[in-house]
Amino acid sequence: MLLTDTPDPVAEDARKDRSTSLFDRARAHPFILLVVVPTVIAALYLFLIASAQYRSEAQFVVRGLESQSAPASGVGQLLGISASLSPGQQEAQSIREYLRSHDAIRALRGQGIDLVAIYRRPGTDPLSRLWSPAPRAETLLDFYRDHVDVIYDPDDNITRLSVRAFDPADAQRVARALLALGEKRVNAYNARLFDASLRVASGESQRAQEELESIQRQLGGFREREGDLDPAATGAGGGRQIEEQQARLDRAAALLADMRSKLSPNSPQVRAMAAQVAAASAALDAARGRQTGQPQAVAGRLGEYEELRLQQEFAAKRYETARARLEQARTRAANEQLFIVAVVEPNLPEKPALPKPFRSTLLILIGLSVAYGIGWMLIAGVREHRA
């Protein structure tokens, strides 16, 4: 004979009565249903299910060789007038926006850091982890911004970087990568600044150098063609020669006149002196011809030479001015260079930053209690108004 367990009607009714009484009690005491039960559920999740999240923090400043602009005075702050931002402050704010953008996520992926794998580590609870294995770019960005904070303090000019992850090494690795990305961004900014500052000055210097070289080539060709290194010096030497020939002719003519007054015109001495005067006069005419009268005279070459020399002087001055501007631009660009100084390096966290079960449970209990009290007062007021 087989024995089968038959349900006891009395025990079944007792269990139904107990469950009904609990439900009725919860309905009779909504504080338990609206405050105690959610608090208990949240506490169970925080204490037993929620995955630990570790925070790695770093601090850095963006500095330049030039002094930073002074902060606004107290009166300016009261009136809402702030001093102009220095290049370092502007770049620090731009780095903050860059580190919280799609570009930073793409750059991290290029360095071999897979944020999806980091935030979908096996063993993490479903409410804390990244849900989708292939999230959209906007979804990943929102999740990334929830776990990466970049805060810029304009008073201290310090940027504070905070990265949360489910593994301490992942948090430190992402923080170090972001710090390197910020430094790379500053270097790119410096390169653009340097190129923009030197492009115009370098172009002017290059054009002035090419112009000076062209005129020097023309001057060299002129000297080779005319066979005269310096027509001005040649002309000066010819002028001195003419003066000497003229003085020699004057002395010979004076001596000839004196001899003619004392001797016979047919005297050998007078004839010899007359021949010397004629030779000196011919030499003087030849010297003058070489200076001005002949087609290849110095005067004809001197005009072209002087024009080339004048162009050379102007080109040399323009080249010197352009070189000075280029050096000034280089000095200014060097003084405006920015660089990142790591005040605090990314740490390897040992204690979870989240969750905080005791604090969070207490805050949930207080918040629900306050909300319940406000709701109860509103409902009581409505009932009293109706009555």
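Residues: numbered from 1 along the sequence shown.
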**Item:** Minimum-distance pair of heavy atoms, taken over all atoms of A92 and Y152
**Value:** CB-CE1, 3.5 Å
**Asked** Are the side chain of R164 and the backbone of D146 linked by a donor-acceptor contact shorter than 3.5 Å?
**Response** yes
**Prompt:** Are any side-chain N or O atoms of S128 and backbone N or O atoms of D125, one a donor and one an acceptor, separated by less than 3.5 Å?
**Reply:** no
**Non-neighbouring partners of F143 that pass ring pair (Phe, Tyr, Trp, His ring centres under 6.0 Å), sequence neighbours left out** = Y119, H147
**Request:** Identify the heavy atoms of Y54 and P349 that sit nearest to each other, and give their distance.
**Result:** CB-CG, 3.6 Å
**Message:** Counting only heavy atoms not in F47 (residues, nucleotides, ligands), do more than 12 fall under 6.0 Å from its CZ?
**Reply:** yes
**Message:** Within the 3.5 Å criterion, strictly below it, is a donor on Q206 or E210 matched to an acceptor on the partner's side chain?
**Reply:** yes
**Item:** Side-chain touch L212/Q209, heavy atoms, less than 4.5 angstrom
**Value:** no
**Request:** Go through the side-chain N and O atoms of E97 and S94 and say whether any donor and acceptor fall under 3.5 Å apart.
**Result:** no
**Request:** State, yes or no, whether a side-chain contact exists between L140 and V116 at a heavy-atom distance under 4.5 Å.
**Result:** yes
**Item:** Side-chain donor or acceptor of S56 paired with backbone N/O of N347 under 3.5 Å
**Value:** yes
**Request:** State which residues pass side-chain hydrogen bond (donor to acceptor under 3.5 Å, both in side chains) with R109; sequence neighbours excluded, sorted by chain then number.
**Result:** none
**Prompt:** Do R185's NZ or CZ and the ring of Y98 fall within the cation-pi criteria of under 6.0 Å and 45°?
**Reply:** yes
**Item:** Backbone N/O of R100 and side chain of R145: donor-acceptor pair under 3.5 Å
**Value:** yes
**Message:** Could you check whether any side-chain N or O of T124 sits under 3.5 Å from a backbone N or O of R120, counting only pairs where one atom can act as donor and the other as acceptor?
**Reply:** no
**Fill in**
The residue among I95, V186, I158 that forms side-chain contact (heavy atoms from CB on, under 4.5 Å) with F60 is I95
**Asked** Quick check: are there more than 12 heavy atoms from other residues, nucleotides or ligands sitting under 6.0 Å from CZ of R96?
**Response** yes
**Request:** Could you pull out the closest heavy-atom pair between A175 and L161, with the gap in Å?
**Result:** O-CD2, 3.6 Å
**Request:** Locate the shortest heavy-atom distance separating H102 from A137; write the atom from each residue and the value.
**Result:** CE1-O, 3.5 Å
**Prompt:** Quick one: ring pair (Phe, Tyr, Trp, His ring centres under 6.0 Å) partners of Y45, sequence neighbours excluded?
**Reply:** none
**Item:** Common cluster, F358/V35, ILVMFWY with side-chain heavy-atom separation under 4.5 Å
**Value:** yes
